[in-house]
Asker: 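One structure, as structure tokens, below. Some questions next.
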Protein chains: 2
Amino acid sequence: MLTEKTEQSGVTAAPGTTKARIERAALSLFCARGVDAVTTREIAAASGVSEGALYRHYPSKDALSQAMFFAIHKRLAEEVEAAAAEAAKIEDKARAIVAAYVRIADEDWTLFSYHLLTTHRFLPYADKSESPKSGNPVAIVEGVIMDAVKHGELPQGDAALKTAAALGVVLQTALHKIYGRVKGALGAHEEALARAVIAVLKS
Amino acid sequence: MLTEKTEQSGVTAAPGTTKARIERAALSLFCARGVDAVTTREIAAASGVSEGALYRHYPSKDALSQAMFFAIHKRLAEEVEAAAAEAAKIEDKARAIVAAYVRIADEDWTLFSYHLLTTHRFLPYADKSESPKSGNPVAIVEGVIMDAVKHGELPQGDAALKTAAALGVVLQTALHKIYGRVKGALGAHEEALARAVIAVLKS
DNA sequence: GTGCTGGGTGTGAGCGTTCACTCACGTATA
DNA sequence: TATACGTGAGTGAACGCTCACACCCAGCAC
């Protein structure tokens, strides 16, 4: 709750612009009721603009929903990659990656929730245009874990499984925050999450 | 892949009935493209019946999607509760609960995927009709963990957090199986999942 | 047996509504 | 004057759902 996004700060657009207000309104509605259930009329009304204005900035509702998803998807990938690069030992990499996730989530919780809740909708569209690894936070995490296993830092075992389990610790906690089961900012639990992730990796 | 559900076995209905075929067809389509994106015409076509027949068995598309969600939701709650009851120590409870999840998932993977992918859509409808704990697998797991913390079997710490992290290990792995990142039946990873869950709980 | 009845089940053209999207038009800034 | 931005009534298409009709078959009287 420390750094809450105002209604003006955009996802793709500069803060204060009409495009930013459209993105913010769409984001909230998409999170609350799902992309398909939200109408363009509602987005327009919630943005305080007309429906036509919406189509000045995005060619379609689908393009709007996709652009916002891949904005955070790409951001996550970049920050996870940077976090992994800034540490040497796997424990420190894990801590840095958890810190990156938590920071991005708390910085723009609605956008992060949107990513979490719609991943299965947009992932099929992802690897078509880009190389399978770059731009995908999961693939980057998996690469880090594979390396650590290869170098004997982590016990042998299916890296894909370790990746899923480690990410699950953080992402399910975020989900439970959406459901109201976990309270407060994710950042308040960063230390516990990091310890849990490391425990999973070493198990 | 051992015990794959045939197209005839129902979710709510007896195998081989029209209702069961409708449910199976709807389930596959809902998983593949999302509830809202699937039309009643498509469900009817995929079931091999007319659209009208669909409304002989369910009053609405929404009722169909809800009934199937709560069928597995209730089943998960019951089996998790039973699993927790059959063991004394928290490690054994954890193993039994993981085993229950894995078994239910592999028994009807499409239905389990559906539950996983649509939880955030239907959960708001859940606690209105029932008591908040019974019938909710997450609440039951949280109860088990709270007890274990209280009795000194697990280190002190936020039980809600431990619950999310432990469930995340299993559920994110299931998600990654949907994404094609984890291969084979969940059962093949049961031992690794159980160890990871226990490691998280003790962290 | 035959004939009648009634409930359960399946059909598909059709209904009213709502949706994503368009476009002719206004306005502001350079 | 030209370009960008904003407007909102309007459009065709597609949606969830209905309904008049047909069929099947068990139960029962004769």
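The shown structure was predicted, so the numbers you read here are calculated from the model rather than taken from an experiment. All chains are named by letter (A, B, ...) in the order of the sequence lines, taking the proteins before the strands, and each is independently numbered beginning at 1. Hydrogens, waters and symmetry mates are skipped; everything else that's a heavy atom, side chains included, is used.
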Asker: Report the relative orientation of the aromatic rings in Y114(B) and F30(B); use parallel for angles under 30°, tilted for 30 to 60°, perpendicular for over 60°.
Answerer: parallel
Asker: Would you call E190(A) and R95(A) a salt bridge, taking side-chain N to carboxylate O under 4.0 Å as the test?
Answerer: no
Asker: When the distance from CZ of R21(B) to P of dT9(C) is rounded to whole Å, what number comes out?
Answerer: 14 Å
Asker: Using heavy atoms and a sub-4.0 Å distance, could you list which residues of residues 58-65 of chain A are near DNA chain C? By number, please.
Answerer: S60(A), K61(A)
Asker: Do the side chains of E79(B) and R103(B) get close enough for a salt bridge, i.e. N-O under 4.0 angstrom?
Answerer: yes
Asker: List the protein contact pattern of nucleotides 4-11 of chain D with one symbol per nucleotide (5' to 3'): B for base contact, S for sugar-phosphate-only contact, - for none; contact means a heavy-atom distance under 4.0 Å.
Answerer: --BBB-B-
Asker: Would you call D36(B)-R33(A) a salt bridge at under 4.0 Å N-O?
Answerer: no
Asker: Between atom OH in Y55(A) and atom P in dC19(C), what is the gap in whole Å?
Answerer: 12 Å
Asker: Please determine if E153(B) and K202(B) form a salt bridge, counting it only when a charged side-chain N lies under 4.0 Å from a carboxylate O.
Answerer: no
Asker: Does this structure show an ion pair linking E142(B) with R181(A), if we count only N-O contacts that are shorter than 4.0 Å?
Answerer: yes
Asker: With sugar-phosphate meaning primed atoms plus P, OP1 and OP2, does T40(A) contact a base, only sugar-phosphate, or nothing at under 4.0 Å between heavy atoms?
Answerer: base
Asker: Y179(B) vs H176(B) aromatic rings, parallel, tilted or perpendicular, using cut-offs 30° and 60°?
Answerer: tilted
Asker: Tell me whether the centres of the aromatic rings in H115(B) and F69(B) are closer together than 6.0 Å.
Answerer: yes
Asker: In whole angstrom, what separates I22(B)'s CD1 from dT9(C)'s C1'?
Answerer: 11 Å
